[in-house]
Amino acid sequence: MMAKLFRAVIMGPPGSGKGTISERIAQSFGLKHLSSGDFLRENIAANTEAGVLAKTYIERGLMVPDHVMTRLLLPRLEEMTRHSWLMDGFPCTLAQAKALNSTCDLDLVISLNIPYETLKDRLSDRWIHPASGRVYNMGFNPPHVQGRDDLSGEPLIQHDNDQPEALVARLRHYKDVAKPVIDLYKSKGILHMFSGTETDRIWPYINSLLSTKIPSRPETDTQHIPLP
Ligand SMILES: Nc1nc2c(ncn2[C@@H]2O[C@H](COP(=O)(O)OP(=O)(O)OP(=O)(O)O)[C@@H](O)[C@H]2O)c(=O)[nH]1
Ligand SMILES: Nc1ncnc2c1ncn2[C@@H]1O[C@H](COP(=O)(O)OP(=O)(O)O)[C@@H](O)[C@H]1O
């Protein structure tokens, strides 16, 4: 049981490894990994009012409007009074960051800074299991059986918006909307930026930073590469 609750956000462009790194953080430090994309998919599957609305945007490759995102996510975060969490994919815009600010005090923000060429290579090779959101990469973490999810054996798919043409537009959009959010967290003194081309090289630095802030879980700690 952690002594103090810990609230963190991970930001970065599409394909920067937020999901991958969030899973490692959740495993090593026991934070609950919350993902805006997963919340949206759950709401779409459950046909909630917000889910039905969100679907119309996601299907067109657009971001879901701020008021829908905040209406969906803030009550869920408010319920999590007894958990430490790491939020992945929210906030994306300054309006979302301000809304989050009024609900809780963040302890830390991780921002991933990954070169465009790397993002392009990774995403053109990303395969997804739609039902669970599990993510594979044919070079980095391939499935045991090509084209099949490891746990369910169901087929994997690729997203059209992971292809290079769509990616350029998504990255430009990310840069525009994320800049004021990054500036806000910088001014609060809670932003930590990590740059690099490989998750395995960035991870030890994130692990080390978090170890100074939260006690790690001894049973999983040894699985990860120590700092050089
Ligand atoms: N080659 C390579 N692939 C990686 C590395 N880290 C993550 N990946 C893969 O790159 C892709 C993107 O990683 P994700 O963790 O899904 O990135 P994300 O930031 O959550 O992406 P979005 O959900 O689009 O915002 C996935 O296919 C990962 O398996 C790495 O260091 N090298
Ligand atoms: N914070 C957010 N604000 C607005 N829309 C969002 C947000 N998070 C997720 N979405 C929407 O949900 C979709 C799926 O999100 P996600 O699973 O994180 O994957 P990706 O960013 O790779 O498309 C996004 O493409 C976007 O339309």
Side-chain angles (χ1 to χ4, degrees), residues 8-42 44-45 58-59 61 86-90 92 110-171 173-174 193-210 216-217 219-228:
V9 159
I10 185 163
M11 301 179 60
S16 55
K18 297 182 296 294
T20 307
I21 289 172
S22 297
E23 280 306 313
R24 292 187 188 190
I25 293 175
Q27 267 210 353
S28 297
F29 296 96
L31 303 190
K32 211 166 165 39
H33 173 201
L34 309 172
S35 144
S36 60
D38 287 350
F39 273 127
L40 287 167
R41 282 182 282 275
E42 280 168 23
I44 291 170
I58 296 174
E59 277 176 349
L86 169 70
M87 186 79 207
D88 156 14
F90 180 90
C92 250
I110 293 170
S111 171
L112 302 174
N113 182 26
I114 313 294
Y116 170 71
E117 280 303 314
T118 307
L119 299 174
K120 194 180 73 175
D121 290 348
R122 282 184 192 178
L123 291 185
S124 58
D125 221 8
R126 172 159 76 171
W127 289 80
I128 291 163
H129 177 236
S132 68
R134 273 187 287 280
V135 168
Y136 301 88
N137 176 279
M138 288 312 151
F140 179 66
N141 60 335
H144 298 316
V145 176
Q146 199 178 348
R148 298 271 162 187
D149 176 51
D150 285 351
L151 296 188
S152 67
E154 288 167 358
L156 301 177
I157 59 149
Q158 280 196 296
H159 278 322
D160 287 345
N161 67 359
D162 276 351
Q163 294 313 305
E165 313 74 52
L167 184 63
V168 176
R170 287 169 77 204
L171 287 180
H173 184 68
Y174 174 80
M193 177 93 77
F194 296 88
S195 304
T197 55
E198 286 166 53
T199 295
D200 286 346
R201 292 185 76 91
I202 291 175
W203 167 246
Y205 293 95
I206 295 180
N207 191 20
S208 161
L209 169 71
L210 289 177
S216 59
R217 291 173 155 185
E219 72 274 20
T220 48
D221 207 24
T222 48
Q223 288 173 3
H224 300 296
I225 317 147
L227 257 180

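Residues take their numbers from the sequence shown, with the count starting at 1.
For Glu59, the salt bridge (Lys or Arg N to Asp or Glu O under 4.0 Å) partners two or more places apart in sequence, or in a different chain, are Lys55. For Glu198, there are no salt bridge (Lys or Arg N to Asp or Glu O under 4.0 Å) partners two or more places apart in sequence or in a different chain. Glu154 meets the side chain to side chain donor-acceptor pair (under 3.5 Å) test with His129; sequence neighbours excluded. Contacts of Asp38 classified as salt bridge (Lys or Arg N to Asp or Glu O under 4.0 Å), with partners at least two apart in sequence or in another chain: Arg41. Every salt bridge (Lys or Arg N to Asp or Glu O under 4.0 Å) that Asp149 has, sequence neighbours left out, goes to Arg134. Residues forming a side chain to side chain contact (heavy atoms under 4.5 Å, CB included) with His159 (at least two apart in sequence, or on another chain): Ile128, Ile157, Asn161, Asp162. Remark: Pro115 engages Thr118, Thr197 in a side chain to side chain contact (heavy atoms under 4.5 Å, CB included) (not counting sequence neighbours). Legend: residues meeting side chain to side chain donor-acceptor pair (under 3.5 Å) with Asp121, ordered by chain and number and at least two apart, are absent.
Pro155 approaches Pro130 most closely through the heavy-atom pair O-CD, 4.1 Å.
Under the 4.5 Å side-chain criterion, counting only non-hydrogen atoms from C-beta, Leu151 is not in contact with Ser132. Under the 4.5 Å side-chain criterion, counting only non-hydrogen atoms from C-beta, Asp88 is not in contact with Leu86. Looking only at side-chain heavy atoms (C-beta outward), Thr20 and Arg122 stay at 4.5 Å or farther from each other.
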Which pairs of donor and acceptor atoms, one on a side chain in residues 140-147, lie under 3.5 Å apart (sequence neighbours left out)?
from	atom 1	to	atom 2	distance (Å)
Asn141	OD1	Asn137	N	2.9
Asn141	ND2	Val135	O	3.3

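Atom CG of Leu156 sits about 6.0 Å away from atom CE of Met138, to the nearest 0.5 Å.
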